[in-house]
Amino acid sequence: MPKENYDFHPERKTIENLLRASVVYEVPDYQRGYSWTADSEVETFWGDLTGAWESKRSYFFGSMVFSDEGDDKLCIIDGQQRLATCIILLACIRDIVDGLGDYKKAGNIHRDIEGSDYSEQHKTYKLVLNEDDRTFFRSHILMRTMDDQRVSFSEFARKKRTEKKLSNQRLFEAYELLKAKLEALVKDKDKAQAADHLCKLAQFLTQNFVVISIHVASEINAYIIFETINDRRLELSVSDLLKNYLLSRAAKSTREEIKSHWKEIANVIDTERIPKFLRHYWMSKHEAVTEKELYRVMKSDLMKEDIPAFVLELKNESEWYDAMLNPDSDIWILPEISEALNNLKALGASQCYPLLLAARDCLSDKKFAGLVKFCEIFTFRYSTICRKNPNILESLYCDCALEFRKKRLEAWQQVLRKMRDACPSDDEFRSTFPKRQLETKVSTTGRYLLEKINYHETTHEEVAAGTSRVNVEHILPLSLSSEWLDYWSKQHKDEKESYDPEEYKHRIGNLTLLGGPLNRKNSNSLFEKKRVKYSESSFAMTHSLCDKKYWKQLADLLPEKKQQDRIKDGSNWNRLAIEARQIEFANKALEIWNIDGLQKLLLDPRSS
């Protein structure tokens, strides 16, 4: 570790002391963006503020760590979320007071937001966020509403969520929540009273929220202090801790290079996903580890590593990881890879990523496509249907990943056989499938399952993946009307046992595919009316519900003639119809998710 002077200077300061100091606070570009969520941390901040105000007591707001950047600038190593939220609250108060017409009081608040060299020609502000948030924070929040350069939130609000940076969205939501809270606080007051009340709240915040400000002479000292302070703060991201540790270990001459690589990682992978990426990367190369233990393990093992080389490798691996998270990436040459990765995504499967990270480095595109498909079928059998122990699964994938890292292509056969041995047998799969329910992820997992079955029983006509035009239809509706409850009761009135419709509405046999407009118009109709609409469907599995020949085949799957007679004319939707249809799906599932057949194909030398 580089030798540094580790002197630091902790001081008790109020928010007012920080904002009125002749410095500008800057968040480094490689640090994460604004991450406080409105319904969690911001809501808690508001509760703490109003609670302290009502009790007229000071509030300890934690520690903040700054390093000296020169030119009256301080780099915020720890504390950006809290300082940004304080300034958002002050900006909300300023904007409301401006709207009430008291421009003088609003101007007084604005002076705590402005930089010390504020002028009409050169506007600076007390807090400069990272590259992702800097412009948005400045133009939408820091500037006064009377400023010609202030941008309205309305245009941002109209954008699709996919067009917005997550950290920008959180800044917007924090502002909107705090502004609504403030407006509710003074809704029964006249304009003068409201302005005065809000300004007193702003004053209370700045004068009574107290922090321990730790000012260090160099950035490296700040990182070490940051880790020490946050050693037991479990909410702190492992990526933040690791980044600070790497910078503290690196020689001064390599820190800018490390910051640059880390920034590229953050640009490739969403900040919130970096801890998961780090864990999957580590498991693909070293050992299985929980996220809670990850930082401790990595820190210990990295003591002798070449830090710049390690961060460069992380950056390169992050590009492949991002491509797995985004299956339509141009990185994938074969469409079979994208298709299988999309299917894994639909199944909510990410535990196999350590294996795929390790394997993509040593397998041909064709073999890698086969492995991803193998993981897809394995996941569906092991997790979706048989719901076996996920902890065992995680260890299995880690072991297989390490086999690829050690033996490379020579591990191919061993990995496939090891996974096949852990996969549920055909008998277990067949016996579990008929009673499986899909209570969660129906829109993704259920749709994946139904599309595969529909594709299998038709001339292989594809369903447009990912479009909103196709929905998973619950034939027995999720929301049961009194009509449906009465209908269900009559369907089972002669049964010796009672059958709760709540236990059947999530069964796979109760699901089908339906186009969006048909789904919306028909979702809660009784079965007789639904059948008329099903006849208009282009999906074979849905259209067949109107086919008498199909119903006869379905009835034959039931063990007793009395049971068969209750559904064979296709006019009734009851527990027997759901059970028979699920048995039919189970029989098809063995052909569709045929892991033995795929293993045989992949191990055939001619398939290479």
Side-chain angles (χ1 to χ4, degrees), residues 10-21 25 34-65 76 78-100 102 105-106 108-113 126-127 129 137 141-142 167 169-214 229-237:
E11 294 182 79
R12 179 191 183 279
K13 289 190 177 183
T14 63
I15 298 299
E16 182 178 78
N17 295 149
L18 293 176
L19 295 180
R20 295 189 181 180
Y25 301 97
Y34 187 76
S35 62
W36 276 18
T37 57
D39 59 357
S40 182
E41 293 91 350
V42 180
E43 184 76 51
T44 300
F45 166 77
W46 174 258
D48 291 343
L49 171 61
T50 53
W53 193 26
E54 289 167 5
S55 62
K56 298 180 180 177
R57 56 179 173 78
S58 294
Y59 181 81
F60 177 59
F61 206 30
S63 59
M64 294 185 182
V65 183
I76 307 180
D78 188 25
Q80 65 144 314
Q81 310 292 335
R82 284 165 288 151
L83 189 56
T85 306
C86 288
I87 289 178
I88 292 170
L89 181 80
L90 293 175
C92 288
I93 293 175
R94 175 205 61 198
D95 291 348
I96 295 172
V97 174
D98 261 337
L100 294 171
D102 198 328
K105 282 188 171 72
N108 290 336
I109 295 170
H110 189 65
R111 274 195 287 275
D112 283 336
I113 298 173
K126 295 301 298 184
L127 177 61
L129 296 185
F137 188 53
I141 295 173
L142 296 180
S167 52
Q169 176 69 19
R170 287 183 170 163
L171 285 167
F172 164 68
E173 290 171 354
Y175 178 92
E176 290 289 287
L177 175 74
L178 292 174
K179 192 163 186 277
K181 296 279 191 186
L182 292 163
E183 289 171 339
L185 195 65
V186 296
K187 66 178 181 179
D188 296 326
K189 301 182 184 295
D190 63 32
K191 288 185 177 183
Q193 291 173 329
D196 186 60
H197 193 71
L198 292 177
C199 288
K200 286 179 179 177
L201 178 60
Q203 185 180 45
F204 180 85
L205 169 70
T206 58
Q207 294 181 358
N208 291 275
F209 266 47
V210 178
V211 303
I212 299 299
S213 171
I214 301 174
I229 290 170
N230 291 294
D231 186 46
R232 299 191 181 277
R233 275 170 51 185
L234 298 181
E235 76 277 6
L236 196 69
S237 165

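Along the sequence shown, the residues carry numbers beginning at 1.
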Given 3.5 Å as the limit, does a donor-acceptor pair link the side chain of [X] with the main chain of [Y], or not?
X: Gln203; Y: Cys199; value: no
X: Arg94; Y: Leu142; value: yes
X: Arg82; Y: Phe45; value: no
X: Tyr25; Y: Leu18; value: yes
X: Asn17; Y: Thr14; value: yes
X: Lys126; Y: Ala21; value: yes

State, yes or no, whether a side-chain contact exists between [X] and [Y] at a heavy-atom distance under 4.5 Å.
X: Lys181; Y: Glu43; result: yes
X: Gln80; Y: Leu129; result: yes
X: Ile88; Y: Phe137; result: yes
X: Leu83; Y: Leu19; result: yes
X: Leu198; Y: Ile109; result: no

Basic-acidic side-chain contact under 4.0 Å: Glu183, Lys179: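 Salt bridge present between Glu183 and Lys179.
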Rounded distance [0.5 Å steps], [atom1] in [X] versus [atom2] in [Y]:
X: Lys189; Y: Asp196; atom1: NZ; atom2: CG; value: 9.0 Å
X: Leu89; Y: Ile141; atom1: CG; atom2: CD1; value: 11.5 Å
X: Ile214; Y: Met64; atom1: CD1; atom2: CE; value: 11.0 Å
X: Thr206; Y: Leu201; atom1: OG1; atom2: CG; value: 9.5 Å
X: Gln169; Y: Glu176; atom1: CD; atom2: CD; value: 9.5 Å
X: Asp39; Y: Thr44; atom1: CG; atom2: OG1; value: 9.5 Å

For the residue pair [X] and [Y], what are the closest heavy atoms and their distance?
X: Ser63; Y: Asp78; answer: O-OD2, 4.2 Å
X: Cys92; Y: Leu178; answer: SG-CB, 4.1 Å
X: Leu127; Y: Ala84; answer: CD2-CA, 3.5 Å
X: Ala195; Y: Leu100; answer: N-CD1, 3.7 Å
X: Ala38; Y: Leu177; answer: O-CD2, 3.1 Å

Phe204 and Phe209 aromatic ring geometry - parallel, tilted or perpendicular at 30°/60° bounds: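 Phe209 vs Phe204 ring planes: perpendicular.
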Step-by-step side chain to side chain contact (heavy atoms under 4.5 Å, CB included) determination, Phe60 to Ile212: CA-CA 8 Å; Phe60 177 59; Ile212 299 299; 3.6 Å; yes
Over 12 non-hydrogen atoms of neighbours within 6.0 angstrom of CZ in Arg57: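 Atom CZ in Arg57 is packed in, count exceeds 12.
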Thr85 and its side-chain contact (heavy atoms from CB on, under 4.5 Å) partner, picked from Trp46, Tyr175, Tyr34: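 Option passing the side-chain contact (heavy atoms from CB on, under 4.5 Å) with Thr85: Tyr34.
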